[in-house]
S.K.: 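Have a look at this one before I ask anything.
Here the structure is a predicted model, which is why all the values come from computation and not from measurement. As the structure lists them, so they are numbered: ligands from 1, and atoms in each ligand from 1.
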Amino acid sequence: MSIINMPRGTQDILPSESKKWQYIENELRKISSNFCYEEIRTPMFESTELFARGVGDTTDIVQKEMYTFLDKSDRSLTLRPEGTAGAVRSYIENKLFADVIKPQKLFYIGPMFRYERKQKGRYRQFVQYGVEVIGEESPKIDAEVISLAYNIYKNFGIKNIKVSINSLGNPEERKSYNEALIKHFEPRINEFCKDCQTRLYKNPMRILDCKIDANHELIKTAPKLLDFLGEESLAYFNKVLQYLDELEVKYEVDSNLVRGLDYYTHTAFEIMIDNPEVELKTLCGGGRYNGLVELLGGPVGEKGIGFALSIERLLLALESENISLPIDNNIDVFVVSMGDEANDFAMKLTNDLRLANFKVQNDYFDKKMKAQIKLADRYNAKYTIIIGETELLEQEVAIKNMANYEQEKVQIKNIKNYLENKLRGE
Ligand code: HAM
């Protein structure tokens, strides 16, 4: 029979890799908790309408990349392509806006799905960690969110990163900016790609973000959004930058940064790998979305900001700087046993030690002593306990430190204490 392969753009995370994922996820949970963010878990599929309205009809995500299907009752559902729309939906549906703590500071870790062209760091199922701060607005919140994203990478030891930041202003400011962009590009729009031509009237800002036409002179000479911001938006943005300076976040203002989702207003940012040898640079993206709660049917005036990063790209960033994670591949003890009675005893001892919170393995197949020692090595056991008939008779076993091969006799009733001292004594 032929084998069935995994779908294109997905990956199996095997045990040697999954340890890295667990480590990263634990670190992300820890740092979230230090910043006082709490976990929210929303469904992996939602009504298609949520993303069409929330992420935006003209975006690549909604137009080309969604996994949309009809369920058996003919409802149109979509595997979530991102986490913000679901988090905001949940915020509204569960009336989190009425909570005494405001803003609500949420984080999530989970798979997202986009039908994208497979390439390094780009998958059709990928895991995003993201945060959303919903309810109130303050430049302090913007700076906190950006600093959290930035420090996640710093925390893993990644050095060559920078934050690109821009302000997309409010809808009125963006409207006059869009008009200026249309005027700027219209006379020569036929020199641009097909996508840009359709973007011109629907979403002209996206032309600035086009990968194909990135070097066209009109992109370089395009009007700058920051010049269209009113006093209030500009003051807000400058305050965010001031806080970023104070928090020692390295950033660069990039007036062409537009982001690919429609819900953004004011602060928008991305974190990039700052290394010319790495092709895929964007690690993380986010920004403020002050109109989204209202757009999804929630109370007027509720504001939000957040970001998301994928663990796949975080792993790429680690790889690009040759950083290996401090992963413990050892087990505490391998129990070696010879003879029927000792084998039975080893089974019981293994279980007891496991229940006392040690990582322990034994031999299942009555292997020879040498083979068992070899297995203990394969498991990277810190200690082996050797039990034979004599040991049972004398109620005393040999415990061997596998790092230096020193061996000590220990009474059976003292094994737990002995291991406790050796493994957790420091
Ligand atoms: P996004 O820029 O579409 O924003 O995605 C955020 C991050 O998800 C990217 O920077 C990248 O690390 C990762 N990512 C996206 N697509 C893929 C893929 N196909 N394979 C691997 N990684 C990928 C959002 O999703 C917004 N919801 C972020 C946000 C939260 N804005 C406000 N709150």
S.K.: When you measure from atom 27 (N) of ligand 1 to every protein heavy atom, which one gives the shortest distance, and what is it?
M.R.: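 Answer for atom 27 (N) of ligand 1: Glu82 OE1, 2.5 Å.
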S.K.: His266 vs Tyr236 aromatic rings, parallel, tilted or perpendicular, using cut-offs 30° and 60°?
M.R.: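 Correct class here is tilted.
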S.K.: Would you say the side chain of Asn170 lies within less than 4.5 Å of the side chain of Asn290, judging by non-hydrogen atoms?
M.R.: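 Side chain of Asn290 against side chain of Asn170, heavy atoms only: no contact under 4.5 Å found.
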S.K.: Is the contact between Arg114 and ligand 1 made by the side chain, the backbone, both, or neither, using heavy atoms and a 4.0 Å cut-off?
M.R.: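 Arg114 to ligand 1: side-chain contact only, backbone stays beyond 4.0 Å.
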S.K.: Can you tell which part of Arg259 has a heavy atom less than 4.0 Å from ligand 1: side chain, backbone, both or neither?
M.R.: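 Arg259 to ligand 1: side-chain contact only, backbone stays beyond 4.0 Å.
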S.K.: Taking the side chain from Glu270 and the backbone from Leu257, do they hold a donor-acceptor pair closer than 3.5 Å?
M.R.: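 Pair absent, no side-chain N/O of Glu270 close to backbone of Leu257.
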S.K.: For atom 19 (N) of ligand 1, what's the nearest protein heavy atom and its distance?
M.R.: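 Going atom by atom, the protein heavy atom closest to atom 19 (N) of ligand 1 ends up being Glu116 OE2, 2.6 Å.
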S.K.: Taking atom 23 (C) of ligand 1 as the point of reference, which of Phe126, Phe113, Tyr263, Tyr289 owns the nearest heavy atom?
M.R.: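 Going through Phe126, Phe113, Tyr263, Tyr289 one by one, Phe126 has the nearest heavy atom to atom 23 (C) of ligand 1.
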S.K.: What protein heavy atom lies closest to atom 21 (C) of ligand 1? Include the residue and the distance to one decimal.
M.R.: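 The closest one turns out to be Gly121 O, 3.2 Å.
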S.K.: Is Leu283 in polar range of ligand 1, meaning some N or O pair under 3.5 Å apart?
M.R.: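 Yes; the residue has a nitrogen or oxygen that sits under 3.5 Å from a nitrogen or oxygen of the ligand.
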S.K.: Less than 6.0 Å separating the ring centroids of Tyr37 and Phe107?
M.R.: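 Ring centres of Phe107 and Tyr37 not closer than 6.0 Å.
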S.K.: Please state whether Arg122 comes within less than 4.0 angstrom of ligand 1, counting heavy atoms only.
M.R.: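 Yes; Arg122 lies near enough to ligand 1 that a heavy-atom distance drops under 4.0 Å.
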S.K.: Identify whether NZ of Lys or CZ of Arg in Arg80 sits under 6.0 Å from the centre of the six-membered ring of Phe45 and within 45° of that ring's axis.
M.R.: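 No, cation not above the ring by the 6.0 Å, 45° rule.
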S.K.: Short N/O distance, under 3.5 Å, between Ser310 and ligand 1?
M.R.: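 Yes, Ser310 has an N/O under 3.5 Å of an N/O on ligand 1.
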S.K.: Distance to 0.1 Å, residue and atom name: give those for the protein heavy atom nearest to atom 11 (C) of ligand 1.
M.R.: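 Looking only at protein heavy atoms, the one closest to atom 11 (C) of ligand 1 is Arg313 NH1, 3.5 Å.
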S.K.: Please classify the Tyr264 to ligand 1 contact at 4.0 Å (heavy-atom distances, strictly less than): side chain, backbone, both or neither.
M.R.: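 It is the side chain that touches ligand 1; the backbone stays farther off.
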S.K.: Looking at Tyr243, I'd like to know if the NZ or CZ of Lys239 sits under 6.0 Å from its six-membered ring centre while staying within 45 degrees of the ring's axis.
M.R.: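 So Lys239 does make the cation-pi contact.
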S.K.: For ligand 1, which atoms sit closer than 4.0 Å to a heavy atom of Gly285?
M.R.: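 Numbered from 1, ligand 1 contributes 10 (O), 28 (C), 29 (C).
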S.K.: Report the part of Leu261 in contact with ligand 1, treating N, CA, C, O as backbone and CB onward as side chain, heavy atoms under 4.0 Å; options are side chain, backbone, both, neither.
M.R.: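 Under 4.0 Å from ligand 1, Leu261 contributes side-chain atoms alone.
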S.K.: Counting only heavy atoms, tell me which of Phe269, Tyr129, Tyr115, Tyr123 gets closest to atom 20 (N) of ligand 1.
M.R.: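 The nearest heavy atom belongs to Tyr123.
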S.K.: Any idea which protein heavy atom is nearest atom 30 (C) of ligand 1, and the distance to it?
M.R.: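 The closest heavy atom on the protein side is Thr84 OG1, 3.0 Å.
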S.K.: Can you label the angle between the Tyr67 ring and the Tyr115 ring as parallel, tilted or perpendicular, going by 30° and 60°?
M.R.: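 Ring orientation, 0 to 90° scale: perpendicular.
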S.K.: Excluding sequence neighbours, so at least two apart, what forms side chain to side chain contact (heavy atoms under 4.5 Å, CB included) with Asn256?
M.R.: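 Partners of Asn256 under the side chain to side chain contact (heavy atoms under 4.5 Å, CB included) test: Leu208, Ile219, Lys224, Asp254.
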S.K.: Side chain, backbone, both or neither: which part of Cys284 has a heavy atom under 4.0 Å from ligand 1?
M.R.: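 Contact part for Cys284 vs ligand 1: backbone (N, CA, C, O).
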S.K.: Measure Gln128 to ligand 1 on non-hydrogen atoms and call it side chain, backbone, both or neither using the 4.0 Å cut-off.
M.R.: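 Side chain only; the backbone of Gln128 stays clear of ligand 1.
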S.K.: May I ask you to check if Lys118 and Tyr123 form a cation-pi contact, with NZ or CZ under 6.0 angstrom from the six-membered ring centre and within 45° of the axis?
M.R.: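 So Lys118 does make the cation-pi contact.
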S.K.: Are Glu65 and Arg117 ion-paired here, with the side-chain N under 4.0 Å from a carboxylate O?
M.R.: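 Salt bridge flag = no for Arg117 with Glu65.
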S.K.: Taking 4.0 Å as the limit for heavy-atom contacts, which would you say applies to Glu132 with ligand 1: side chain only, backbone only, both, or neither?
M.R.: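 For Glu132, the contact with ligand 1 is made by the side chain alone.
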S.K.: Among the heavy atoms of Gly286, does any lie under 4.0 Å from an atom of ligand 1?
M.R.: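 A heavy atom of Gly286 does come that close to ligand 1.
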S.K.: Please state which option from Ala268, Ala317, Ala308 has its nearest heavy atom closest to atom 7 (C) of ligand 1.
M.R.: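 The nearest heavy atom belongs to Ala308.
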S.K.: Under 4.0 Å between a Lys/Arg side-chain N and an Asp/Glu carboxylate O for Lys105 and Glu144?
M.R.: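 Judged by the 4.0 Å cut-off on N to carboxylate O distance, Lys105 and Glu144 do form a salt bridge.
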S.K.: Check whether the ring centres of Phe192 and His216 lie less than 6.0 Å apart, and answer yes or no.
M.R.: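 Centroid separation for Phe192 and His216: below 6.0 Å.
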